[in-house]
Amino acid sequence: MKFKKIPIKYFQRSALDVAPFLLGKLLVRRINNNFLVTRIVETEAYLNDDPASHSFGRITERNKAMYDAGGQFYVYFIYGNYFCVNVVTNVKGHGEAVLVRAVEPVSGIGEMIKNRRNIKNEHDLTNGPGKLCMALNIDKTFYGARTDGEDLFIAYDENPGDFEIGISKRIGLSVSKEIEHRFFIKGNIFVTKHKFNN
DNA sequence: CGACCGATTGACT
DNA sequence: GTCAATCGGTCGG
């Protein structure tokens, strides 16, 4: 399989630009030379002056990847069960990232299903940040890995097609609830089901 | 070292 | 719609 990986420089700008840019791009996982291909349909931007961001405050062992140069993955563990994957943005020292909240399976769906449990319907497979990491078997081994790497990378979709981008408040926060830094593909069934879907 | 809490999910009313 | 599981990260003593 041939992929056109996105050069790292495209991630070395504001998370607010990268978040909508990532919509419609491919998030690809290679396992044993088998490619699990997905299309990104929902993202959220986190800046370092945002109390909801893991980079808020100071540099710690967990958030240090966010302060490193853009174009690498920031993976974190949450609620004792789940991993979530982000793309670090901007140049070194900013503390920004874009959370990948939902993807649409393109190929390798059978393998993704094997990695998940209790799937209720088709879109349940990857319509959430924890779910997509399970389906693609993404864990902390990708912490700090480049976005143009071999086993997990981001690529252009050769035939992206037309879609409209929606913007809304972010999901699951107890602070900074009013900031509209969530971006999604309108009408896509893999976008997380919530109050803010248009 | 102990205590608190979370960028979620799945089970349940 | 509500709610608890579950444990690593973080911070205070």
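Worth knowing before you read on, the calculation uses all heavy atoms, side chains too, and leaves out hydrogens, waters and symmetry mates. Note on naming: letters A, B, ... go to the chains in the order of the sequence lines (proteins, then strands), and numbering restarts at 1 for each one. The structure presented is a predicted model; accordingly, all values stated were derived computationally and were not measured.
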Value rounded to 0.5 Å, distance of CG in A:D124 from CD1 in A:I119: 6.5 Å

Any salt bridge between A:R13 and A:E96, counting N to O under 4.0 Å? no

Using ring-ring contact (aromatic ring centres under 6.0 Å, His included), reason through A:F3 and A:F35 one step at a time and then give a plain yes or no. CA-CA 10 Å; A:F3 292 100; A:F35 289 96; 5.2 Å; yes

Choosing from B:dG10, B:dA7, B:dT8, which nucleotide comes nearest the side chain of A:Y79? B:dT8

On the nucleotide B:dA11, are OP1 or OP2 found under 4.0 Å from the side-chain N or O atoms that A:N118 carries? yes

Looking at A:R62, I'd like to know whether one of its side-chain N or O atoms comes within less than 4.0 Å of OP1 or OP2 on B:dC5. no

Phosphate OP1/OP2 of B:dA7 contacted by A:R101 side-chain N/O (<4.0 Å): no

Counting side-chain heavy atoms from C-beta on, which of B:dA7, C:dT10, B:dG10 comes nearest to A:Y74? B:dA7

Using a 4.0 Å heavy-atom cut-off, does A:L99 contact any base of the nucleic acid, only the sugar-phosphate backbone, or nothing at all? base

Does C:dG13 have a Watson-Crick or wobble partner in any strand here, with both distances under 3.5 angstrom, and which is it? none

Counting only side-chain N and O atoms of A:S174, is one of them less than 4.0 Å from OP1 or OP2 of B:dG6? yes

Take atom CG of A:L125 and atom P of B:dG10, then tell me their distance rounded to the nearest Å. 11 Å

Euclidean distance, atom NZ of residue A:K131 to atom P of B:dA7 [Å, nearest integer]: 18 Å

Whole angstrom is fine here: how far is it from NE2 in A:H181 over to C1' in B:dA7? 13 Å

Between atom CG in A:N81 and atom P in C:dA5, what is the gap in whole Å? 12 Å

Is there a Watson-Crick or G-U wobble partner for B:dA7 with both distances under 3.5 Å, and if so, which one is it? none

Rounded to the nearest angstrom, tell me the gap between atom NZ in A:K64 and atom C1' in C:dG8. 15 Å

In whole Å, what is the span from the CD1 atom of A:I138 to the P atom of B:dT8? 16 Å

Does A:K140 make a side-chain N or O approach to OP1 or OP2 of C:dG8 shorter than 4.0 Å? no

Kindly compute the distance separating CZ (A:R62) from OG (A:S55), expressed to the nearest 0.5 Å. 10.0 Å

C:dG9 phosphate, OP1 or OP2: any side-chain N/O from A:T60 under 4.0 angstrom? no

Rounded to whole Å, CZ of A:F77 lies from C1' of C:dG9 at a distance of 11 Å

Does A:R117 put a side-chain nitrogen or oxygen below 4.0 Å from OP1 or OP2 of B:dT9? no

Of C:dT10, B:dA7, B:dT8, the nucleotide closest to the side chain of A:Y76 is B:dA7

Name the orientation class of the two ring planes belonging to A:Y10 and A:F21 (parallel below 30°, tilted from 30 to 60°, perpendicular beyond 60°). parallel

Any strand: nucleotide that pairs with C:dT6 via Watson-Crick or wobble, under 3.5 Å: none

Starting from P on C:dG8, measure out to OH on A:Y82 and report it in whole angstrom. 15 Å

Flag this pair as yes if the NZ/CZ of A:R170 is under 6.0 angstrom from the six-membered ring centre of A:Y46 and inside a 45 degree cone about the axis; otherwise no. yes

Just compare C:dC11, B:dT8, B:dA11 and give me whichever is closest to any side-chain atom of A:R58. C:dC11

